[in-house]
Amino acid sequence: MGKGVSRALFVLLLSTEALAEERLGVMEFFVRGSGTYCLAAAPSVIALQDAMEGRAVVLEYPYDTFNKGRVDRFWAAYTGPSPYLPLVTVGSGFDVSQGPVDYATRYRQMLDAELARPPRAAIRAFSRRLGSGVQVFATVRNLDVATLGPDRQSTLWLIVWEDGPIGLTKTLVRGTISKALATSVPPGGTTNLTLESPSLGSVSWQNVRTLVLLEEFPPGGSRYAP
């Protein structure tokens, strides 16, 4: 654990054996600060951040900055007419929402469904500040009956955010980076990876937080799977 950086949250993902409450839910909220629907959704998101603390992380992304990368999970999962902001993704595309809805009800239902799914892999991670970015050391343990690795495009992601009322909610993502698993990890096996975020620019380091998650794009699938 480095000075000025909290411990990395560890995400238990994808298992047929682990208890559902061991999963950490992740909701990604892509917004434009001046967007009518984004402004309308923000109070419900803040309430959800408070209500789900310790069980889920709701992360705000400024869409015009993060219009590639993580938002691709929404596009991979979404089918329908042209969507409106906010774009919302739970579980890397397990469920998505867009535009005006009953925000409090719909978003809570999305996270409850995500938390009810059993994880299939466990991640333990530790973070430290490294220059103007963050370095994370992660150990991934495969709890599933399928092998993780290149054949399933298994990829580890580091998401770094800052706590505080900077955007529309109580979090604001500052940087992301990913690293594909280079070798296969059989059931019960482990692998270690190191990730380094890009420069985070001007941030309040005491409020910087990190999240590590593992996802894959199964052969023949149409969306990412956490």
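For the single chain, residues carry numbers from 1 onward in sequence order.
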Original post:
Within the distance-only criterion (no hydrogens, no angle test), does the side chain of Asn142 pair as donor or acceptor with the backbone N or O of Ala146 below 3.5 angstrom?
Top reply: yes

Original post:
Below 4.5 Å, heavy atoms only, C-beta onward: do Val160 and Val208 meet side chain to side chain?
Top reply: yes

Subject >> Pairwise salt bridge (Lys or Arg N to Asp or Glu O under 4.0 Å) hits with a residue in residues 97-106, at least two apart >> reply: Asp95-Arg106

**OP:** Compare all side-chain heavy atoms of Thr183 with those of Leu181 and state whether any distance is below 4.5 angstrom.
**Re:** no

Original post:
What heavy-atom pair brings Leu24 and Gly54 nearest, and what distance separates the two atoms?
Top reply: CD1-O, 4.3 Å

Subject >> Closest contact, heavy atoms only, Ser184 versus Pro186 >> reply: O-CD, 3.7 Å

Subject >> Leu158 and Leu211: CA distance, side-chain angles, deciding distance, side chain to side chain contact (heavy atoms under 4.5 Å, CB included) verdict >> reply: CA-CA 6 Å; Leu158 167 62; Leu211 170 73; over 6 Å; no

Original post:
Gln98 side chain to Tyr84 main-chain N or O, any donor-acceptor pair under 3.5 Å?
Top reply: yes

**OP:** Answer yes if the side chains of Trp205 and Asn207 hold a donor-acceptor pair under 3.5 Å, and no otherwise.
**Re:** no

Original post:
Less than 4.0 Å between a side-chain N and a carboxylate O, is that true for Arg108 and Asp112?
Top reply: yes

Subject >> Which atom of Ser154 lies closest to which atom of Gly149, heavy atoms considered >> reply: OG-N, 2.9 Å

**OP:** Kindly say whether Trp157 contributes a backbone atom to a donor-acceptor pair with the side chain of Ser178 at under 3.5 angstrom?
**Re:** no

**OP:** Just do the side chain to side chain contact (heavy atoms under 4.5 Å, CB included) check on Val212 and Leu156 with the steps written out, would you?
**Re:** CA-CA 7 Å; Val212 180; Leu156 202 66; 3.7 Å; yes

Subject >> Same cluster (ILVMFWY, side-chain, under 4.5 Å), Leu59 and Tyr63 >> reply: yes

Subject >> Spacing of OG belonging to Ser44 relative to OH belonging to Tyr107, to within rounding of 0.5 Å >> reply: 8.0 Å

Original post:
With hydrophobic residues grouped by side-chain heavy-atom distances under 4.5 Å, do Leu168 and Tyr103 end up in a single group?
Top reply: yes

**OP:** Write out all pairs satisfying salt bridge (Lys or Arg N to Asp or Glu O under 4.0 Å) with one or both partners inside residues 168-177, taking only residues at least two apart or from two chains.
**Re:** Asp50-Lys170, Glu162-Arg174

Subject >> Backbone N/O of Gly69 and side chain of Arg73: donor-acceptor pair under 3.5 Å >> reply: yes

**OP:** Kindly indicate whether the side chain of Leu111, heavy atoms from C-beta on, has any atom under 4.5 Å from the side chain of Leu48.
**Re:** yes

**OP:** Let me see the working for Thr191 and Leu193 under side chain to side chain contact (heavy atoms under 4.5 Å, CB included), right down to the final yes or no.
**Re:** CA-CA 7 Å; Thr191 188; Leu193 294 93; 3.7 Å; yes

Original post:
Side chain of Thr176, backbone of Ile159: donor and acceptor closer than 3.5 Å?
Top reply: no

Original post:
In a check of side chain to side chain contact (heavy atoms under 4.5 Å, CB included) between Pro187 and each of Leu148, Thr147, Leu143, which one passes?
Top reply: Thr147

Original post:
Short question: side chain of Arg128, backbone of Leu130 - any donor-acceptor pair under 3.5 Å?
Top reply: no

Original post:
Looking only at heavy atoms, what is the nearest atom pair of Glu114 and Arg117, with distance?
Top reply: OE1-NH2, 2.8 Å

**OP:** Kindly determine whether Glu196 and Ile177 satisfy side chain to side chain contact (heavy atoms under 4.5 Å, CB included), including the steps that lead there.
**Re:** CA-CA 7 Å; Glu196 296 180 6; Ile177 196 74; over 6 Å; no

**OP:** Tell me whether the guanidinium CZ or amine NZ of Arg152 lies under 6.0 angstrom from the six-membered ring centre of Phe217 and within 45° of its axis.
**Re:** no

**OP:** Examine Leu200 and Leu195 and state if one hydrophobic cluster contains both, with Ile, Leu, Val, Met, Phe, Trp and Tyr joined whenever side-chain heavy atoms are less than 4.5 Å apart.
**Re:** yes

Original post:
Considering only heavy atoms from C-beta outward, does the side chain of Met110 approach that of Val88 to under 4.5 Å?
Top reply: yes

Original post:
Quick one: do the Glu60 and Thr169 side chains pair a donor with an acceptor below 3.5 Å?
Top reply: yes

**OP:** For residues Gln49 and Thr171, report the shortest heavy-atom separation together with the two atoms involved.
**Re:** NE2-OG1, 3.4 Å

Original post:
What about Phe66 and Leu213, same hydrophobic cluster or not, with Ile/Leu/Val/Met/Phe/Trp/Tyr joined at side-chain heavy-atom distances under 4.5 Å?
Top reply: yes

Subject >> Check: Val90 and Val96 side chains under 4.5 Å, non-hydrogen atoms >> reply: no

Original post:
Are Val134 and Ile166 connected, step by step, through hydrophobic side chains (Ile, Leu, Val, Met, Phe, Trp, Tyr) whose heavy atoms are closer than 4.5 Å?
Top reply: no

Original post:
Without hydrogens or angle criteria, can the side chains of Glu216 and Gln153 be said to hold a donor-acceptor pair below 3.5 Å?
Top reply: no

For residues 25-42, run the donor-acceptor check on the side chains, cut-off 3.5 Å, and write out each pair with its distance to 0.1 Å, sequence neighbours left out.
residue : atom : partner : partner atom : Å
Glu28   : OE1  : Arg70   : NH2          : 3.0
Glu28   : OE2  : Tyr61   : OH           : 2.5
Glu28   : OE2  : Arg70   : NE           : 2.9
Glu28   : OE2  : Arg70   : NH2          : 3.4
Arg32   : NE   : Asp64   : OD1          : 3.4
Arg32   : NE   : Asp64   : OD2          : 3.0
Arg32   : NH2  : Asp64   : OD1          : 2.8

**OP:** Report the relative orientation of the aromatic rings in Tyr78 and Phe74; use parallel for angles under 30°, tilted for 30 to 60°, perpendicular for over 60°.
**Re:** parallel

Subject >> Distance in Å, Thr190 OG1 paired with Ile123 CD1, rounded so as to fall on 0.5 Å steps >> reply: 12.5 Å

